[in-house]
Number of protein chains: 2
Amino acid sequence: MAERAGVNQSTVSRALSGDPSITDQTRARVQEAANALGYRVDARAARLRSGKTRTIAIIVVARPGMDATEINPFHYNLLGSTCAAASEMGYQALVSFQSEPEHFDRHFIETRQADGMVLLGTSTNDAAWDYHHPILSRSDVASWGSPFTDHDRVDADNCAGARIAVERLLASGHRQIAFIGDTAETQKQFRERYESYVEVMREHGLEAGPPVWKPAAMRAEQGRKSAAALITSRRDFDGIFCSCDAMAFGVLETLQERGIAVPGDVGVIGFDGLGSGAHSNPPLTTVEPDFRKAGVMLARKALGKQKADDACRVPVRLVERGSVRKPTEG
Amino acid sequence: MAERAGVNQSTVSRALSGDPSITDQTRARVQEAANALGYRVDARAARLRSGKTRTIAIIVVARPGMDATEINPFHYNLLGSTCAAASEMGYQALVSFQSEPEHFDRHFIETRQADGMVLLGTSTNDAAWDYHHPILSRSDVASWGSPFTDHDRVDADNCAGARIAVERLLASGHRQIAFIGDTAETQKQFRERYESYVEVMREHGLEAGPPVWKPAAMRAEQGRKSAAALITSRRDFDGIFCSCDAMAFGVLETLQERGIAVPGDVGVIGFDGLGSGAHSNPPLTTVEPDFRKAGVMLARKALGKQKADDACRVPVRLVERGSVRKPTEG
DNA sequence: CTGAAAGCGCTAACAC
DNA sequence: GTGTTAGCGCTTTCAG
């Protein structure tokens, strides 16, 4: 390659890497020779020598035995956004779906495969999160959705999001608003949403109820069971703020089965901005995090380019669809 | 590292890579030293020296300006399955979302970043597919959804899938079944579905109509417009086989708006097995490809481990939900 | 079974 | 502005 262009090996390297000290003429000759020979720099060698990887590893925690269709679309969105953000920053994305212990791997940085790591996915895979726990507080690791509370995390602005949701319900005249969601210790994001819900209700002189939640394997089923429990409890309600869209879909189904009209009798708002909410029955009004910013924050945090910790809150917005009626006048 | 264990560098390499010629005792000593020092093999150096990459590059073609939530979940499913398959085969997945020309990159193999490539994503990004066209027929490249017809492809068993869908509609007593979908040259999969629809209709002595399709930016909108066009055409229909779920959601909405009951008046079946079909109104009966096998086929093809070409058809199954009424007796 | 030596293909100091 | 030289951290002959 070098001889073909009539220059030294290092000149080839400089020319191809855009080193400004190379003459346009020389660079042209090198380019030409490279094209003629189909030459490309070997990324492995370049990275070995330069000590960099220009790669960010993204680990998606999944549940054992689940196939691709069962992964929460929210995590796919996060994955896509993170890949896009990495690319924008000139980094590649090495992605690893991890569900079974035999595939657990947290050593992408030590093995010099990546400069930073992003962890995301379902919080309901204890073995996986236990395995990854030790690295969650590292400065070159960013995570979304971990069940632990002893480390920084990137997350939606749950507080602002819950406020938007509850105030939207209030604007439509709802006063007896219930919260459906899992507020277990390991679900920090849902706890935050619940707490904000309580706060907003109080501010308006209204009574906030306890969180309603029934366990099940999948979110939609949790939603169905929780909605049924809420109805059975004979507690009056005319609005539901649901901690996540996947559960809200189940809630919507049960309400419909029981003959409770949405948004006529009860207003429902979810959280996550899932695209499938556009086709649910009725279409689901929801709080959507800015996925693009989420990806950027995760990538930046993983690469140690994040300034303050408190900046790790992704802004949210309300996506108006059809599960809450129009705001009442005056 | 080597001195710490009191052995030669090459012994360390052999011990850690599981070379059977190393004594258990020696291996234990090496392991111990490695743990003590936090030593890990540098993947860049190992791959450079060995000449292998053990990596498969996955390129997801997206539309410019689209954010993560607008990517068809079908492609996310394919992506997830391919990553899982790669992992199962001992390969890593380097994933690259490509939408804008400045990020186009098809040289993952030449730059020794991957041993094989998988391309998938929306077929409606001409610049991207034109760019990738030259590599689509290579033996180390597998693709799903390309708009070109001059190369092998991995795809769902469209023929069998269309048959299952149409026969299911027939089983519920529908006789005037319409096909909604884009059968343009560049949409090979939809053409195949349409052709099978025609064939099955003929077999049953029924008349197959022309494909119904109206252009729009997004699939759901195409579905809405197409359904409207079908209704306006005053052509009688009591069943619709829709070429993909994303369009079917739009079809369902328009039918509902026009007061046409599904599955009461009209039965609807989609294709793709999107998870969100479980929450649509009504839940969408659909033909689902086996995503796990799809991922395996894509990965195998990319690594040149696929036997015959005709084996690149992924089996499909019917997912019964609520958009077709129960089969009629006898 | 283990050691010695070579070298994968680059990039980065350092010359000039 | 370009050449010379060294060496990134491994794996792989080849010896013994």
Side-chain angles (χ1 to χ4, degrees), chain A residues 1-55 57 90-92 94 105 107-115, chain B residues 1-55 57 90-92 94 105 107-115:
Chain A
M1 167 63 207
E3 42 273 30
R4 162 77 181 234
V7 295
N8 185 278
Q9 188 193 174
S10 42
T11 303
V12 172
S13 174
R14 287 191 269 249
L16 263 29
S17 68
D19 186 317
S21 74
I22 257 62
T23 323
D24 285 351
Q25 206 184 43
T26 310
R27 195 189 309 279
R29 213 165 60 246
V30 172
Q31 282 286 13
E32 198 177 344
N35 290 342
L37 276 60
Y39 171 85
R40 301 265 160 188
V41 306
D42 184 317
R44 298 168 301 189
R47 288 171 184 163
L48 172 58
R49 180 58 240 238
S50 72
K52 291 161 189 160
T53 76
R54 292 257 115 196
T55 300
Y91 281 76
Q92 300 202 138
L94 192 59
D105 184 359
H107 300 290
F108 293 93
I109 297 176
E110 293 86 334
T111 53
R112 316 323 315 268
Q113 304 198 78
D115 296 333
Chain B
M1 171 59 208
E3 40 275 28
R4 162 77 180 232
V7 295
N8 186 277
Q9 187 191 171
S10 40
T11 303
V12 172
S13 175
R14 287 191 269 249
L16 262 29
S17 68
D19 186 318
S21 74
I22 257 62
T23 323
D24 285 351
Q25 204 183 44
T26 310
R27 195 188 309 280
R29 212 163 61 245
V30 172
Q31 283 286 14
E32 197 178 345
N35 291 341
L37 275 62
Y39 171 86
R40 301 265 159 188
V41 178
D42 183 318
R44 298 166 303 189
R47 289 171 184 162
L48 172 58
R49 180 58 241 242
S50 71
K52 291 161 191 162
T53 76
R54 290 258 114 194
T55 299
Y91 280 77
Q92 300 202 140
L94 192 58
D105 184 359
H107 300 289
F108 292 94
I109 297 175
E110 294 86 335
T111 54
R112 317 320 319 264
Q113 304 198 77
D115 295 333

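We use all heavy atoms of the structure for the numbers below, so side chains are in, but hydrogens, waters and symmetry mates are not. Numbered from 1 within each chain, the chains take letters A, B, ... in sequence-line order. Every value quoted in this text rests on a predicted model; they were computed, and no experiment measured them.
- Phosphate proximity of dA4(C) to N8(B): present, with a side-chain N or O under 4.0 Å from OP1 or OP2.
- Ranking dC10(D), dC14(D), dA12(C) by closeness to the Q9(B) side chain, first place goes to dC10(D).
- With dG3(C), dG1(D), dG3(D) as the candidates, the nucleotide lying closest to the side chain of R14(A) is dG3(D).
- Per the geometry, CZ belonging to R54(A) stands 15 Å off C1' belonging to dT11(C), to the nearest Å.
- Separating the CD atom of Q113(A) from the P atom of dG9(D) is a distance of 16 Å, rounded to the nearest angstrom.
- Taking CG of N8(A) as the start and OG1 of T26(A) as the end, the distance is 12.0 Å to the nearest 0.5 Å.
- Within residues 39-49 of chain B, the residues approached by DNA chain C to less than 4.0 Å at the level of any non-hydrogen atom are L48(B), R49(B), in residue-number order.
- Residue contacts for V7(A): at a heavy-atom cut-off of 4.0 Å it reaches the sugar-phosphate backbone alone, with no base atom in range.
- Residue T23(B) places at least one side-chain N or O closer than 4.0 Å to OP1 or OP2 of dT2(C).
- When only modelled atom types and interatomic distance are considered, R47(B) and Q113(A) share a side-chain donor-acceptor pair under 3.5 Å.
- An OP1 or OP2 oxygen of dT2(D) is reached within less than 4.0 angstrom by a side-chain nitrogen or oxygen of T26(A).
- The phosphate of dT11(D) (OP1 or OP2) has a side-chain N or O of S13(B) nearer than 4.0 angstrom.
- Atom CG in D24(B) sits roughly 15 Å away from atom C1' in dT2(C) (whole-Å rounding).
- Checking the phosphate oxygens (OP1, OP2) of dT4(D), no side-chain nitrogen or oxygen of S10(A) falls inside 4.0 Å.
- When the side-chain nitrogen and oxygen atoms of T11(A) are compared with OP1 and OP2 of dG3(D), one or more of them lie within a distance under 4.0 Å.
- Two residues are said to be in side-chain contact when any heavy atoms from C-beta on lie closer than 4.5 Å; Y91(A) and T55(A) fail this criterion.
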Please list, one pair per line, the donor and acceptor atoms closer than 3.5 Å that link side chains of residues 28-40 of chain A to other protein atoms, with sequence neighbours excluded.
| unit_1 | atom_1 | unit_2 | atom_2 | d |
| --- | --- | --- | --- | --- |
| R29(A) | NE | A5(A) | O | 3.0 |
| N35(A) | ND2 | Q31(A) | O | 3.4 |
| R40(A) | NH2 | H107(B) | NE2 | 3.3 |

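- To the nearest 0.5 angstrom, R49(A) atom CZ is 10.0 Å from S13(A) atom OG.
- Between D105(B) atom CG and T111(B) atom OG1 the span is 6.5 Å, to the nearest 0.5 Å.
- In summary, the side chains of D19(B) and S21(B) do present a donor paired with an acceptor at a separation below 3.5 Å, with no hydrogens or angles considered.
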